[in-house]
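What follows is a set of notes on a single structure, which appears directly below.
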Amino acid sequence: MDYSRIVSKIAVDKDSITLGKIIRIDELLGKTIKKYKPYAMIIVKKRFKKKGLVVPIDVERIVKVGGQYVWFDILKEEFDEQVKTAKTIQTVRETYTGDTGFHRVKGSLGFAYEPYRLSRKGKERKK
């Protein structure tokens with residue numbers, strides 16, 4: 001089935017409660033069977049937040065497409081749980097606390113590579 005027609009439509013649940021806007025269709029690994037399946041990527045925006053959160057929902061859960069809405073076989077509570085997990089994944093990926101191997105040293109160069117990492121601990125950086 002061609003899922004490109006559901007892009008830029010509004011996703012709603014069983015009870016016609018708005019979940020968010022579908023921004024694209026991606027092929028991701030399934031939860032139980034490790035094969036690529038199409039997922040609708042829904043952007044969830046909160047008030048007074050600049051950045052939205054992208055949550056994947058399996059396109060096999062589509063019940064009906066009509067007008068500018070796409071109905072999914074999901075409840076708002078289930079969707080909110082998926083939003084929480086996506087939010088924790090995003091914060092973990094944004095903050096990387098590991099050592100990059102680059103440290104500021106005195107000299108003409110601003111940064112230098114230290115292969116043995118004997119100097120002070122590297123600072124926390126964002127990816």
Side-chain angles (χ1 to χ4, degrees):
M1 183 177 175
D2 185 28
Y3 296 111
S4 62
R5 62 188 177 99
I6 66 170
V7 175
S8 76
K9 293 193 178 194
I10 298 171
V12 294
D13 69 346
K14 289 180 185 179
D15 303 327
S16 298
I17 298 173
T18 303
L19 303 175
K21 186 176 181 179
I22 300 173
I23 55 171
R24 66 179 182 266
I25 304 295
D26 282 349
E27 297 250 343
L28 301 173
L29 288 174
K31 291 184 179 179
T32 56
I33 302 172
K34 298 299 180 188
K35 291 185 180 178
Y36 284 101
K37 294 170 43 178
Y39 280 83
M41 305 304 274
I42 297 174
I43 189 161
V44 178
K45 290 190 177 181
K46 300 289 182 183
R47 275 192 189 167
F48 307 117
K49 300 276 185 178
K50 290 183 181 179
K51 208 165 139 181
L53 184 68
V54 179
V55 180
I57 293 184
D58 192 7
V59 293
E60 292 177 359
R61 299 184 89 173
I62 293 178
V63 176
K64 179 172 87 167
V65 177
Q68 61 179 345
Y69 296 102
V70 178
W71 281 267
F72 284 91
D73 186 24
I74 191 171
L75 293 174
K76 180 70 173 169
E77 291 80 23
E78 296 173 24
F79 184 74
D80 288 340
E81 289 176 12
Q82 290 182 356
V83 168
K84 285 181 184 177
T85 57
K87 191 173 186 177
T88 57
I89 289 170
Q90 182 182 15
T91 55
V92 166
R93 287 183 180 171
E94 280 181 354
T95 306
Y96 174 69
T97 58
D99 190 17
T100 60
F102 288 93
H103 301 283
R104 186 171 297 277
V105 294
K106 293 180 182 177
S108 61
L109 297 175
F111 288 97
Y113 178 69
E114 186 180 352
Y116 300 111
R117 294 172 180 83
L118 297 175
S119 67
R120 288 178 260 134
K121 184 179 176 184
K123 294 183 178 178
E124 179 179 288
R125 77 173 185 115
K126 290 193 173 192
K127 284 186 179 180

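At a threshold of 4.5 Å between non-hydrogen side-chain atoms, the residues I22 and Y3 do not count as touching. At least one side-chain heavy atom of Y36 sits less than 4.5 Å from a side-chain heavy atom of L29. Here the side chains of L28 and M41 are in contact, with some heavy-atom distance below 4.5 Å. Taking 4.5 Å as the limit, some side-chain heavy atom of L19 sits within range of a side-chain heavy atom of I74. Contact annotation: the side chain of F79 never approaches that of I17 to less than 4.5 Å [non-hydrogen atoms, C-beta and beyond]. Proximity of D58 to K37: side-chain heavy atoms (C-beta onward) are separated by under 4.5 Å at one or more points.
Across all non-hydrogen atoms, the minimal contact from A86 to V55 is CB-CG2, 4.3 Å. Nearest heavy atom pair, residue G52 against residue K45, reads CA-CG, 4.1 Å. Among all heavy-atom pairs drawn from T85 and T88, the shortest one is O-OG1, 2.8 Å.
Between atom CD1 of residue I6 and atom CD1 of residue I25 there is a gap of 4.0 Å, rounded to the nearest 0.5 Å. Note that the CD1 atom of I62 and the CG atom of D73 stand 11.0 Å from one another [nearest 0.5 Å]. A distance of 11.5 Å separates OH in Y39 from CG in D26, rounded to the nearest 0.5 Å. The distance from atom NZ of K87 to atom NZ of K84, rounded to the nearest 0.5 Å, is 10.0 Å. In this structure, CD on E78 lies 5.5 Å from CZ on R61, to the nearest 0.5 angstrom. The structure places CG of L53 at 11.0 Å from CD of Q82, a figure rounded to the nearest 0.5 Å.
Between the side chain of K9 and the backbone N or O of G67 there is at least one donor-acceptor pair closer than 3.5 Å.
When the shell of 6.0 Å around NZ of K34 is examined, it contains more than 12 heavy atoms from other residues, nucleotides or ligands.
Using a 4.5 Å cut-off between side-chain heavy atoms of Ile, Leu, Val, Met, Phe, Trp and Tyr, with links allowed through other members, V12 and F72 fall into different hydrophobic clusters. Placement of V54 and V7 in two distinct hydrophobic clusters is found when ILVMFWY residues are connected by side-chain heavy-atom separations under 4.5 Å, directly or transitively. Criterion: ILVMFWY side-chain heavy atoms under 4.5 Å apart, direct or through other members. Under it, V59 and V44 are part of a common hydrophobic cluster.
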Begin from the C-alpha positions of K76 and D15 and carry the test side-chain contact (heavy atoms from CB on, under 4.5 Å) through to its verdict. CA-CA 8 Å; K76 180 70 173 169; D15 303 327; over 6 Å; no
